[in-house]
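Data first, discussion second: the structure below is written as structure tokens.
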Amino acid sequence: MMKSSVYGLLLLLVLMLPPAADFLESIMITHMHMQMPLLVISGIFMAKFFQNRFTGFFSKWNENGVPGILLFSIILVYWSLPRTMDEALTLTSVEVFKFISLPFLGGVPLRDSWPKLSSFWKHALIIFFTILFLALGWLYIWSPVQLCNNYLVIEQITLGWGFISTAFAMVIYLIYSYFMDFSKYE
Amino acid sequence: METVIKQTGKTQAFKDKANKVMGISLEDAKITKSYLSVAFLAILLGGILGLLQGLNRAGMLELPAWLNYYQVLTAHGLLLVVVLSAFFTIGYFYAGLSHTLGGLLPKVRKMAWIGFWMKIFGFVLAVIPILMNEASVMYTFYPPMAASPIFYIGLVFIVLGVWMCAFGAFINVASWRKRNPGQHIPILSFFATGVFVLLFFGSIPVAIEVFTIIPWAFGWVETINVMVARTLFWAFGHTLVNIWYLTAVSAWYVIVPKIIGGRRWNDLLTRIVVIALVIMNITGGFHHQIIDPGISEPVKYMHVFMSLAIGFPSLMTAYAMFAVFERTARKKGGRGLIGWYKKLPWGDVRFLAPFIAMAAFIPAGAGGIVQSTNQLNQVVHNTMWIVGHFHLTLGMSVVMTFFGISYWLIPYVSKRMLTPQINKLGVIQTIIWTLGMIIMSGAMHWVGLLGSPRRTSYSTYFDNATALSWDPYLFFLAIGGTLLMIGVLMQVYAVFYLMFFAPKGNTEFPVADVEEDEAPTPRWTERWGLWIVCMIVLVGMAYVIPLVDFIVNAPPGSPPYKTW
Ligand code: HEM
Ligand SMILES: [Cu+2]
């Protein structure tokens with residue numbers, strides 16, 4: 001189990017290497033849809049370490065998983081704003097905050113919360129992100145102005161379609177889990 | 001009725017058993033027989049056209065004005081890559097679904113028939129303009145070449161017919177799962193599910209493409225975005241290639257071990273191979289566009305990576321197959337580092353044909369990896385090398401597996417038996433086909449490296465020295481093609497003999513069991529919805545960047561051209 005934490009840490013370190021970070025941040029969509037999810041995933045891998053270290057903390061403060069998932073959602077919403085992405089590229093402090101917040105305040109609570117959540121909350125979360133992604137997709141595609149100083153309008157539109165296609169995949173999943181009653185098959 | 005059936009009380013279990021003992025129901029058999037008949041008629045016609053092309057390219061035959069090289073080539077491509085492979089795949093998997101799921105549902109049977117006639121109708125519509133020389137656009141029908149609108153309308157019906165069959169399969173699998181809670185879908189039906197998922201999702205892009213072409217072909221809109229059309233085509237075209245491959249692979253994993261008297265490879269890993277191929281497939285399409293302009297370098301680089309990723313499950317397959325062969329042969333007393341191969345049933349066409357098919361996949365796969373690399377692709381792109389490559393992958397790996405299947409599947413559905421004479425005919429056919437393909441595709445590869453272009457009727461380019469130097473190779477191409485034609489005739493004879501004239505009897509549907517000591521396969525392999533979502537996310541990752549670029553930064557579109 002601790003092995004996965006080491007892999008998570010390694011992934012985080014690789015993502016922090018300047019060539020890797022520069023490459024992923026050079027394209028808007030890979031910045032938001034590749035680097036950021038990978039940071040969250042590194043946190044998911046590392047979560048076991050914290051869960052073992054601070055068992056009491058997690059069971060006390062994240063008993064039913066809802067506080068953790070709220071923290072995760074806030075962090076993710078924060079990083080979906082064009083403004084924050086721009087700042088990460090210009091201000092070192094914000095960049096550092098990105099590499100800390102996404103794994104440790106996003107990935108770790110997600111891993112701790114997900115198994116504790118009832119299926120209502122799980123679906124509510126996916127629905128929330130579907131709506132958010134559709135809205136963001138709309139914003140990025142049809143915004144009349146350039147939203148980021150660092151990225152061109154064409155990149156912005158590409159990212160918008162990236163949001164729409166991710167939302168589409170989530171809709172498919174929701175439809176699938178609405179129509180499939182897994183208890184019937186098990 | 002046989003007396004060995006124990007009355008279990010449960011009708012389903014009873015039906016399953018009845019199915020095993022008495023063979024396929026007549027109604028289900030009729031579906032498969034019809035699909036396979038069309039498939040093998042397509043290979044007969046397609047083979048004749050292929051021979052015409054081969055003889056023409058060797059400068060030995062001039063085609064008449066009313067049937068020019070490009071008409072023949074369009075029909076050859078369409079007959080073999082669309083008709084043969086779609087009809088065989090559906091006929092084979094519908095028999096597999098019927099056998100492993102205890103018969104097809106009446107509703108599904110109806111869907112299979114509707115799908116059958118839609119495809120036939122669509123095909124007839126597509127062939128008419130080809131014969132009238134109004135649609136010499138090759139089976140890839142890339143804009144800006146424009147065919148008569150009737151051609152594309154025909155394609156729409158073919159796609160709709162395929163979807164009908166895909167949904168029929170989903171309905172049958174879902175109904176079985178409801179009736180058998182907690183059980184894994186039988187492995188052959190698992191493969192079928194994967195294939196039909198790919199058929200459905202893979203043909204969505206081409207459906208979109210065709211719907212944008214039709215108004216353009218009618219002249220209702222003036223221009224079309226060529227890059228978008230090509231990209232949508234290859235998202236489909238590449239997936240189609242892997243659908244045939246996955247169909248052949250299903251026989252390698254499930255059928256061949258049974259025929260050699262062994263057990264199949266690890267169930268979990270087999271299912272992982274299917275899932276991996278389903279998730280990673282569609283994005284491979286870009287390796288057909290390595291030379292295309294308008295795609296930035298980093299995107300092309302990403303796609304090389306995505307293409308080569310598909311190599312991984314393929315390598316797993318190669319390993320698995322040889323592991324099964326060795327294990328089975330050793331159980332039968334085979335000895336030595338390589339001496340065990342003597343224990344395999346080489347004289348049985350049901351083994352020999354798929355075995356050679358697998359062996360052919362080694363050079364074929366290596367060639368594929370070569371072509372996926374940017375620099376090497378520059379050398380071979382649009383040369384005869386490519387034609388050599390897909391006659392090796394398709395004409396050998398896939399089609400020879402189909403041939404091997406036909407020697408038990410057709411007797412199974414027609415309730416007849418494979419006779420020793422037909423088996424012998426099959427072995428000879430296999431040898432002829434192997435020689436023919438090696439000669440033809442070897443010549444194609446070589447002459448391609450020397451620069452001979454594909455899709456070009458015979459020309460010496462005003463007796464240019466380079467072009468003249470291709471002639472000896474093109475002559476070999478014609479020799480290989482002639483051997484193949486003999487092979488086609490033997491194969492088609494065997495198919496229809498087995499379907500209508502062979503002695504009556506019960507033929508088994510050979511599905512291998514897993515090893516006894518194998519750990520149970522985990523539940524998560526059944527989460528098809530999840531695999532489909534992963535697939536869509538991956539497709540999004542691959543296509544969003546280039547498609548947005550093509551559309552937003554589009555050059556002026558192209559009007560339709562008739563280049564012939
Ligand atoms: C009798 C056996 C066959 C012969 C003699 C033959 C020969 C040929 C020749 C000479 C070409 C044309 C090359 C060019 O000018 O570009 C060709 C193209 C092609 N063949 Fe075959 N072939 C045979 C069987 C098959 C089979 C079994 C398949 C697939 C299942 C197949 C699939 C194709 C495809 C897809 C093309 C490309 C069409 C295009 O470029 O639009 N062929 N074949
Ligand atoms: Cu391909």
Side-chain angles (χ1 to χ4, degrees), chain A residues 19-20 22-38 41 122-123 126 129-130 133-134 136-137 140-143 146 151-186, chain B residues 170-171 173-185 193 197 200-201 204-205 228 235 279 282-283 294-299 301-302 305-306 520 522-554:
Chain A
D22 284 351
F23 173 67
L24 288 174
E25 286 164 7
S26 68
I27 305 169
M28 192 175 191
I29 191 170
T30 54
H31 188 181
M32 192 174 279
H33 281 185
M34 206 98 95
Q35 186 194 50
M36 293 189 187
L38 282 171
I41 289 171
K122 283 181 184 166
H123 286 122
I126 300 179
F129 274 103
T130 308
F133 278 23
L134 285 173
L136 285 166
Y140 283 107
I141 296 170
W142 285 286
S143 157
Q146 185 178 344
Y151 295 113
L152 303 174
V153 174
I154 173 84
E155 292 198 65
Q156 195 170 302
I157 296 172
T158 308
L159 178 60
W161 284 107
F163 271 117
I164 301 277
S165 55
T166 316
F168 175 70
M170 290 194 288
V171 169
I172 299 261
Y173 184 78
L174 286 170
I175 294 174
Y176 168 72
S177 51
Y178 179 77
F179 281 110
M180 295 294 272
D181 179 0
F182 290 110
S183 63
K184 268 198 201 140
Y185 294 95
E186 265 142 40
Chain B
F170 299 150
I171 290 171
V173 168
S175 135
W176 184 89
R177 287 222 286 179
K178 235 174 237 165
R179 282 179 282 129
N180 297 272
Q183 291 200 42
H184 284 285
I185 308 176
T193 310
V197 165
F200 175 65
F201 283 95
I204 292 176
V228 171
I279 293 177
I282 297 180
T283 56
I295 306 175
S296 65
E297 207 84 328
V299 171
Y301 186 77
M302 173 172 88
F305 189 75
M306 285 189 158
R523 278 249 78 74
W524 54 259
T525 49
E526 300 288 324
R527 300 288 299 268
W528 277 100
L530 194 60
W531 313 138
I532 291 171
V533 169
C534 290
M535 176 182 85
I536 293 172
V537 169
L538 203 67
V539 169
M541 275 169 65
Y543 281 89
V544 165
I545 300 179
L547 277 181
V548 170
D549 191 28
F550 295 154
I551 294 168
V552 177
N553 291 333

Tell me, for B:L530 versus chain A, whether the close heavy atoms (under 4.5 Å) come from the side chain, the backbone, both or neither.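 It is both, since atoms from each part get that close.
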Sort B:M535 into side chain, backbone, both or neither according to what part of it lies under 4.5 angstrom from a heavy atom of chain A.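 No part of it gets close to chain A.
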To the nearest 0.5 angstrom, please state how far the CE atom of B:M302 sits from the CE atom of B:M541. 6.5 Å
Quick one: which of A:Q156, A:H31, A:Q146 gives a side-chain hydrogen bond (donor to acceptor under 3.5 Å, both in side chains) with A:Y151? A:H31
Given heavy-atom pairs under 4.5 angstrom as the criterion, report whether the side chain, backbone, both or neither of A:M170 touches chain B. neither
Cut-off 4.5 Å, heavy atoms of chain B, and the answer for A:F23 is neither
How close do A:G162 and A:I29 get, heavy atom to heavy atom, and via which atoms?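 Scanning both residues, the minimum pair turns out to be CA-CD1, 4.0 Å.
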In terms of the angle between their ring planes, are A:F129 and A:F133 parallel, tilted or perpendicular, with boundaries placed at 30° and 60°?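 Answer is perpendicular, since the angle exceeds 60°.
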Against chain B, work out which of A:T30, A:I154, A:L159 has the most heavy-atom pairs shorter than 4.5 Å and name it. A:I154
Between A:Y178 and A:H123, is there a side-chain heavy-atom distance shorter than 4.5 Å?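 The answer is no; the side chains never approach within 4.5 Å.
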